[in-house]
Amino acid sequence: VLVFKLYSRKLENPHAEREDIRVRMLYRLAHRSKGVVQLSDLERTPLEPDEVLNLLKRLEGQGKARDLGEGRYQLS
C-alpha cells in the first residue's frame, strides 16, 4: 500500500510537470550563490524564463523569496 501511494501520482500522469523539481533547482542555485539568485544565472538552467519568473513571484507571495531589484532575488 505504501509503495502504491508513493507512486500513484506518477501512474496517474507519468508525463506531468513537477513543480517541486523546479523549486529545488532554484534553491540549489541560490545555495551556491549565498542565497541570492540572479536572473542572468538562470539562463544556464533548463528552466524557461517565464517559468522562473512565475515561480519566483509565487515564492515571493509565500514569503520565501524577496526581490532585491536588478533581477536579483533572495531565497530563504
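- For Arg58, the salt bridge (Lys or Arg N to Asp or Glu O under 4.0 Å) criterion is met by Glu19, not counting sequence neighbours.
- Residue Glu70 qualifies as open at atom CD: its count of foreign heavy atoms under 6.0 Å is 12 or below.
- Every residue two or more places apart in sequence or in another chain that forms a salt bridge (Lys or Arg N to Asp or Glu O under 4.0 Å) with Arg24 is listed here: Asp20.
- Partners of Asp67 according to the side-chain contact (heavy atoms from CB on, under 4.5 Å) rule, which considers only residues two or more places apart in sequence or in another chain, are Lys57, Glu60, Tyr73.
- Closest non-hydrogen pair, Ala30 versus Val37, comes out as CB-CG2, 3.4 Å.
- The only option from Thr45, Val52, Asn54, Leu55 that meets the side-chain contact (heavy atoms from CB on, under 4.5 Å) definition with Arg22 turns out to be Leu55.
- With hydrophobic clusters built from ILVMFWY side chains whose heavy atoms lie under 4.5 angstrom apart, Leu39 shares a cluster with Leu75.
- Taken to the nearest 0.5 Å, the CG atom of Leu47 stands 9.5 Å off from the CG atom of Leu29.
- In this structure, Ser76 and Gly63 approach most closely via the heavy-atom pair OG-O, 3.7 Å.
- Of the inter-residue distances, the one linking Glu51 atom CD with Leu26 atom CG reads 10.0 Å to the nearest 0.5 angstrom.
- To the nearest 0.5 Å, atoms CD (Glu43) and CD (Gln38) are separated by 11.0 Å.
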